[in-house]
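I have placed the structure first, in the form of structure tokens, so that the comments after it can refer back to it.
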Amino acid sequence: MIRITLPDGSQKEFDHPATVSEIAAAIGRRLAKEALVGRVDGRLVDLSHVVPQDARVEILTGDAPEGVEILRHSTSHLMAQAVKQLFPEAQVTIGPAVENGFYYDFAYKRPFTLEDLTAIEGRMKELVRQDLPVARNEMPRDEAVAFFRSQGEEYKARLIEEIPADQTISLYRQGDFIDLCRGPHVPSTGKLGAFKLQRVAGAYWRGDSRNEQLQRIYGTAWPNQKALDAYLHFLEEAEKRDHRRLGKELDLFSLQDEAGGGLVFWHPMGSRIRGVIESFWKERHTAAGYEMLHTPHMANLELWRTSGHTEFYAESMFRPLTVDEQQYQIRPMNCPFHILIYKDRLRSYRELPIRWAELGTVYRYEMSGVLHGLFRVRGFTQDDAHIFCREDQIEQEIQAILDLTMEILSTYGFKHFDVYLSTRPDKAVGSDAIWERATTALRNAISARGLAFVEDVGGGAFYGPKIDVKITDAIGRKWQCSTIQLDFNLPERFDITYVGDDGERRRPIMIHRALMGSLERFFGILVEHFEGRFPLWLAPVQAAVLTITDAQNDWALAVRDQLRAVGLRVDADTRNEKIGWKIREHTLKKVPYLLIVGDKEKQNGTVSLRARSGQDLGVISAAEAVERLLTESRARRASDQPTP
């Protein structure tokens, strides 16, 4: 008898070697119907896989992450089959599953069009209806090379030639289509169906720009239509929130081609918001005991040799400039500059911890193909800070940083945080003892603040353990923002010390931390999180005073000036336009409040207050309007603003 142990510890016995599919059927009819693949003693296998002896077996459906990944990979094969049927001259190359979907690269004589994608998707649905069995076969390597060359599939032949000659090659057949693949796959094409082809993009063979250019067709696939519809709705929401489009519509920023790629130009409206963000950041850091620094945008290249950037980070640095026969490097990081200030004089243990913060603009070389709005640029401002402390101060400093992080991020309306603790990698500087003490300090600091965290074993940098914090935006996307990094390396490289209570020179611990990551990227996240509908305290124009006729112009300007006098950002619209047109204009600009004035309001010293949602908030005095908007703005509420 063969004894099969299931995940819950129960067992099934068979008097013959059983397939995974048979095992699923023995467990239950519904499971057998929904099964996609199996896991036998930890290894993923096809449902047709025969289990010849006692084993631990798990049946995976579309509810399991591994099941979804295999479903997506099988859908990439389905797409390749459809392409080959419609475009026989196309050559297939590589087609993996990726996050939320799949892609396949093709070599074809002309670009695929949107009409082609529609036809391919239609043929894929036909193949699903045919419910073609998906079967695994094996073939000697050289025979497989010859087979694919005979089919005109030169790229597949090249892939197989890279495999050692003594290895057996696994192939998967579905109908008239045969593909090279390790598997596993779903048992038949009928298991697929909830998919959507999305776009065509360029790609290079083997990801190398020196090789031939191919065409990559992207798609998404899900276990059922409901999940697919939810994802497509999510994509629609993400498109509506795209910060590049909203940045243009709201006149917040631009990236000018004449200036080169990846450099951000802040327009007046965007600069207003940036100014508010910077002021809030400085206010909270000053209250938390930080001193502000301002350092140069470049320095002698020797500084970056000392820091190790020329050794470990050269690909992300711009080429040095030659000045007076010396080489200067535009800065990719702020930390060496802060270290130089620390070294400017001898420090005592009584001075520690030293907390220095800077909104420092750095410049990093990014290839043009990866530049993406504000999310991937070549010049950006880090909300940077460095803390120099004694080893016994690490835990309390980390707790304070976590408090400041949560305070600042929650003020912007982010409430859910994912915390990760990355520990020592295989190659690292510093003794085992200090790594253990430092990691324990980070772990204790996180726990002391009641935060759940995931431990990323071996995920730390070579120079110290770190904490990463991800935020979740309004539509459920996670963004990496905050990083808290311990560093034993730079204090050693720059030979920085302090005088201990025993009069001996000691090495401080350096903490690098950024709460928003970069101001540009965080701003882009905020645009998408709020869909451009910034809360009152952040909005570039917090209110607009609108006249019904020219007769109210003087009152509108007086109201505007009262609001401006207390620091609110307010415009007056006295143009000779209909009031409905003005309301629509400023609603499209996503102004939080509209103050409408007509003859009655002018006569009574009042305004008609309207939220950007369209809600009529009634007629109030100008003084009440000032008090209401000022109180709400100072409260910095982010989650309860009036929105459409």
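Just so it is clear, the model here is predicted, and its values are computed rather than measured.
- Under a 3.5 Å cut-off, the side chain of Ser307 and the backbone N or O of Trp304 do form a donor-acceptor pair.
- Ion pair Glu302/Arg305 flagged as a salt bridge, since at least one NZ, NE, NH1 or NH2 atom sits closer than 4.0 Å to an Asp/Glu carboxylate oxygen.
- Using a 4.0 Å cut-off between charged side-chain N and carboxylate O, Arg443 and Glu455 make a salt bridge.
- Residues Phe388 and Tyr342 place their aromatic rings such that the two centres sit under 6.0 Å apart.
- Listed for the Arg390 side chain is a donor-acceptor partner under 3.5 Å among the backbone atoms of Tyr349.
- Within 6.0 Å of the NE2 atom in His372, the count of heavy atoms belonging to other residues, nucleotides or ligands exceeds 12.
- The shortest side-chain heavy-atom distance between Pro465 and Arg424 does not fall under the 4.5 Å cut-off.
- A donor and an acceptor atom, one from each side chain of His338 and Thr295, are nowhere located under 3.5 Å apart.
- Note on Lys590 versus Glu531: no salt bridge recorded, every NZ/NE/NH1/NH2 to OD/OE distance being 4.0 Å or above.
- Glu436 and Thr440 share a donor-acceptor pair across their side chains, judged by distance under 3.5 Å alone.
- For the ring-ring contact (aromatic ring centres under 6.0 Å, His included) with His243, the lone residue among Phe523, Phe375, Phe530, Phe522 that qualifies is Phe375.
- Aromatic ring orientation, Phe280 versus Trp537: perpendicular (interplanar angle above 60°, classes split at 30° and 60°).
- Other residues, nucleotides and ligands contribute at most 12 non-hydrogen atoms within 6.0 Å of the CE atom of Met367.
- Under the 3.5 Å distance criterion, the side-chain polar atoms of Arg272 are matched with a main-chain donor or acceptor of Pro540.
- In summary, Arg564 and Asp571 engage in a salt bridge, as defined by a charged side-chain N under 4.0 Å from a carboxylate O.
- Counted within 6.0 Å of CD on Glu99, heavy atoms from surrounding residues, nucleotides or ligands total 12 or fewer; the atom is thus considered open.
- Relative ring orientation between Phe414 and His529 is described as tilted, the plane-to-plane angle lying within the 30° to 60° band.
- Just one of Leu536, Val276, Val591, Ile273 meets the side chain to side chain contact (heavy atoms under 4.5 Å, CB included) condition when paired with Arg569; it is Val276.
- Taking the charged nitrogens against the carboxylate oxygens, Glu520 and Arg274 do have a contact shorter than 4.0 Å, which makes a salt bridge.
- Annotation: Lys478, atom NZ; neighbour count of heavy atoms from other residues, nucleotides and ligands within 6.0 Å is above 12.
- Using modelled atom types, one finds no donor on one side chain facing an acceptor on the other under 3.5 Å when comparing Gln485 with Thr483.
- Between Asp384 and Arg513 there is no salt bridge, since no side-chain N of the basic residue sits under 4.0 Å from a carboxylate O of the acidic one.
- Counting only distance, with no hydrogens or angles, the side chain of Lys582 and the backbone of Arg575 share a donor-acceptor pair below 3.5 Å.
- In terms of modelled atom types and a separation under 3.5 Å, the side chain of Ser410 and the main chain of Met406 share a donor-acceptor contact.
- Side chain of Thr472 to backbone of Arg477: no donor-acceptor contact under 3.5 angstrom is found.
- For the residue pair Leu246 and Arg241, the shortest heavy atom distance occurs at CD1-O, 3.6 Å.
- Between the Asp418 side chain and the Ile471 main chain, no donor and acceptor come within less than 3.5 Å of each other.
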